[in-house]
Amino acid sequence: MATHCKDYDFLQIEPHWQTFWENNRSFRTDNDTSKPKYYVLDMFPYPSGAGLHIGHPEGYTATDIIARYKRAKGFNVLHPIGWDAFGLPAEQHAVKTGTHPASNTQNNITNFRRQIKALGFSYDWEREVDTTDPKYFKWTQWIFLQLFKKGLAYVDERPVWWCPELRTVLANEEVQDGKSEVGGFPVERRNLRQWVLRITAYAERLLADLKDVDWPDSTKRMQEAWIGRSEGAELLFKLEQEHLGDLKVFTTRPDTLFGATYMVIAPEHPLVNALTTPEQRDAIDAYKKKVAGKSDLERTDLAKDKSGVFTGSFAINPVNGARLPIWVADYVLMGYGTGAIMAVPAHDERDFEFAHQYHLPVIQVIEPDHNDNASNGHGSPKLPYTGDGKLVHSEDYTGLPWADAKKKITADLASKGRGKATVNYKLRDWLFSRQRYWGEPFPVLWVTESDYALAAASRAADLPPSPVTYRDAATGDTWYALPLPAAALPLTLPEVESYLPSGNGESPLANVTEWLEVWVNFATGASVPASQSRPVGESWIRGRRETNTMPQWAGSCWYYLRFLDPKNETAFADPKLLAYWGVPDLYVGGAEHAVLHLLYARFWHKVLFDLGVVPQAEPFTKLFHQGIILGEDGEKMSKSRGNVVSPDTIIASHGTDTLRLYLMFLGPLEAMKPWSMTQIEGVFRFLQKVWRECIGREGEINPKISDDASADSTELLKTLHETIKKVGDDIENLRFNTAISQMMICVNAIQKAERVSLSTIRAFLQVLAPLAPHITEELWTRLGGTGSIQQAAWPQFDPAKLVATELKVVVQINGKKRAELLVPVGTSQDTAFSLAQTHPESATYLAGKVVKRVVFVPGKILNIVVE
RNA sequence: GCCCGGGUGGUGGAAUGGUAGACACCAGGGACUUAAAAUCCCUUGAUCGAAAGGUCGUGCGGGUUCGAGUCCCGCCCCGGGCACCA
């Protein structure tokens, strides 16, 4: 069963045991509900052409250690892997080469699978999923239908991020500093018809439920910031031109209403034209043009320079009737709040800057309670003052603390129908469509109003409360979105001639007329190309398929659920398995997904929870981010820098066990840390030392190993049991670096011992096994262990072995270390003190001194304060 | 600008308020060897000293404490996130 090599020949040992595990299906997980479950999940990879990056095995090794450890602890462990295989790089490759993205994707998956298997991870390969497999995305489409039915999916023509280079739109979350997250290409605003998911309907719960999950604080805070809840009020300002109605603004500072000196509306605000007076028309038009021409990069870069133009119109302050000039300025965004604000320059930095630039009045209405450092020396604060305080110059409200004034002013206006308390979020609805080929097709057909009505009669249960429609600007026709029946899923991608998007906002699917224009049976979802004659039957109507596809995030929103029951054809997962396995107990992946995948998946999960198909409200109860591994030069690994380390190379030169161990020994899992080729030698030597302690020169069992269980010295046993305890504790807390150093201490102790018992060696191999599974299988077998070491129960540590009879006490005089005492357990302070007085190293510091105080911590310290 | 995280030997990093530098790497010395590799042993924070030993030392400056890398206040630097969100 074992190999026959004499030396630690990892090139022979590692493939041997990998084959053994595969042939024995060692890591197949059955749904044995009699055992406690443990579900440990990695963020599944996008199978890129570049192959595995060294960052992948970092996180995967951590979860593999946990998986193997938990199995040894008696858990039924679910540890799956799959492929997040839709995505832009595969499609761009297809555009370049003309080959189907699926074939390139499958090649990449084959390579990834090979690399991952070579790392010896204990995945259950029978549960592998692939988001591009129609058997998988059938259920992605099914979940979309549920969202659609609940009215959480709609179509909107709206300004969206368009990336000319990628020829697609991108979500807010995919755009950084005016550039695409993928590729770093510039993006611009365009008005396009888009599918949008109503994630904002879940904003409050997405925020509130963060308190229930065990996540890194920084990630929770990032999501909080992204959701961006702010409490305030919507207030109505009458317009001087009364026929135009009211101007609605959102403010978080209704308490500063008396300090409003002007109004600002966004350049895209619907009232801009109506409010512009003839004298101001040219200036406003020129300004709007200038703003529209600004790329968002410029709009961000120029954030410091505020600009705006007076419309010529006025609004009336509802509390004091003041006439407030209405300006148009691009520092107010149409996408947030109402696209209009009341400007209070005395108490808002931006308004202050703007007022200063255009010589608008500043009225202070808040005074700090404590006139200390905020003061300008004359009792009033330096403006703008954004801190707390009490109201001044605010008529009846003067003197009120600001928090009270917020409530009272809002309530008073509400009672007059001039406002109400509201909550606003920065979170926008999720732009869910891409003009690409390589994604899940939307299972939706566009039909006429009358055909929709016809279908609605029998399909009411599949339809949203109000129809999703879109008006074709070119023809003036209005189209109705009719979902395919769930039974007709999956809707697969047709073959296309070219993968190149048309560039005008339509995907390559728009060119596949046979697929696009169909006769469809609305009851069954069956279809034939529209070029053929209409089939016989009442349920056949004309339909045009949706040409957009879903973004890459769709498939990763729910894959953790599919692993529970990956082959199920009648449900995305069996409810019994959903109940048993639930959601991952531990989820490990990069922090770069803090607001993308992790927010989207939470949203979908909550929708599924509301549908009653998953039993818990949150998908990822415990989350951990592995840190980035830098190149040897301390810089981010990149091809251009030439500092990339490939797992394949290390496996060939040092073996997988060494690589795994080294990745964990580098430093804390969450830390960013540089790779080092010299440091890896250290862990390699450690494994060789383990080998030599077990195996002699000729491949025989090391003669120092004794069957006699009492062969171990007391110190060796103490070290062993300390190791069992510490390694277990450290694994539970994902502190693998210190677990490994403890194992090094243990093997050093074994090496120094003249004899060691077989049971000690075996226990040591067992605690090493989750980290270095191949060498430990080999040695376990050679030392006569039965079965796979992976099946052996985790060794118990004996607390009695950990108790020392003597303790070291450090003697400090005035806080400085002066001596060490070795005293029996239970030694009193007085005894220790008198020992210190006679100890040669400390006595000299005590002679002739007056002892003022003695601090004694048994087993730690005796601090004597003198004079 | 705002919000996080982090600054410890030549290097990666350890340290429930209780011996700073565990465990490794590198470097130096020694053993084994014809020799080398491998392996094993020793030294290895700085500084003063012949030695015994002393002094200093966890980014900087203060503070709390018998005792601070750890807690508090004020800075500096690095990394990440957000950024006209009213």
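Here is the naming used below: chain letters follow the sequence lines, and residue numbers restart at 1 for every chain. Both backbone and side-chain heavy atoms feed into the values below; hydrogens, waters and symmetry mates do not.
Look at the P atom in both G9(B) and G45(B): the space between them is 13 Å, to the nearest Å.
Pair check for U55(B) finds A46(B); Watson-Crick or G-U wobble, both atom distances under 3.5 Å. With a cut-off of 3.5 Å on both pairing distances, U16(B) has no Watson-Crick or G-U wobble partner at all. Pair assignment for G79(B): C4(B), on the basis of Watson-Crick or G-U wobble contacts that are both within less than 3.5 Å. If you check U39(B) for Watson-Crick or wobble pairing at under 3.5 angstrom, you find it paired to A31(B). The base-pairing partner of G9(B), taking Watson-Crick or G-U wobble contacts with both distances under 3.5 Å, does not exist among the strands shown. With a 3.5 Å ceiling on both atom-pair distances, C26(B) lacks any Watson-Crick or G-U wobble partner.
Within 4.0 Å of F686(A), counting heavy atoms only, lies no atom of the nucleic acid at all. Using a 4.0 Å heavy-atom criterion, one finds that R818(A) contacts the sugar-phosphate atoms exclusively. When heavy atoms are screened at a 4.0 angstrom cut-off, D217(A) is found touching no nucleic acid atom at all. Residue contacts shown for K852(A) are absent, as no nucleic acid heavy atom lies under 4.0 Å away.
Put simply, NZ on K817(A) is 14 Å from P on U55(B), counting in whole angstrom units. At whole-Å resolution of the value, OH in Y425(A) and P in C82(B) are 21 Å apart. Computed from coordinates, the L596(A) CG to G81(B) C1' distance equals 12 Å when rounded to whole Å.
Mapping S218(A) and I341(A) onto RNA chain B by nearest heavy atom places S218(A) at the nucleotide closer to the 5' end.
For T678(A), no side-chain nitrogen or oxygen approaches OP1 or OP2 of G12(B) to under 4.0 Å. Proximity of R221(A) to the phosphate of C2(B): no side-chain N or O atom is located under 4.0 Å from OP1 or OP2. Between N737(A) and A14(B) there is a side-chain N or O to OP1 or OP2 distance below 4.0 Å.
For F354(A) and Y262(A), the gap between ring centers is short of 6.0 Å.
A donor-acceptor contact closer than 3.5 angstrom is absent between the side chains of K636(A) and N643(A).
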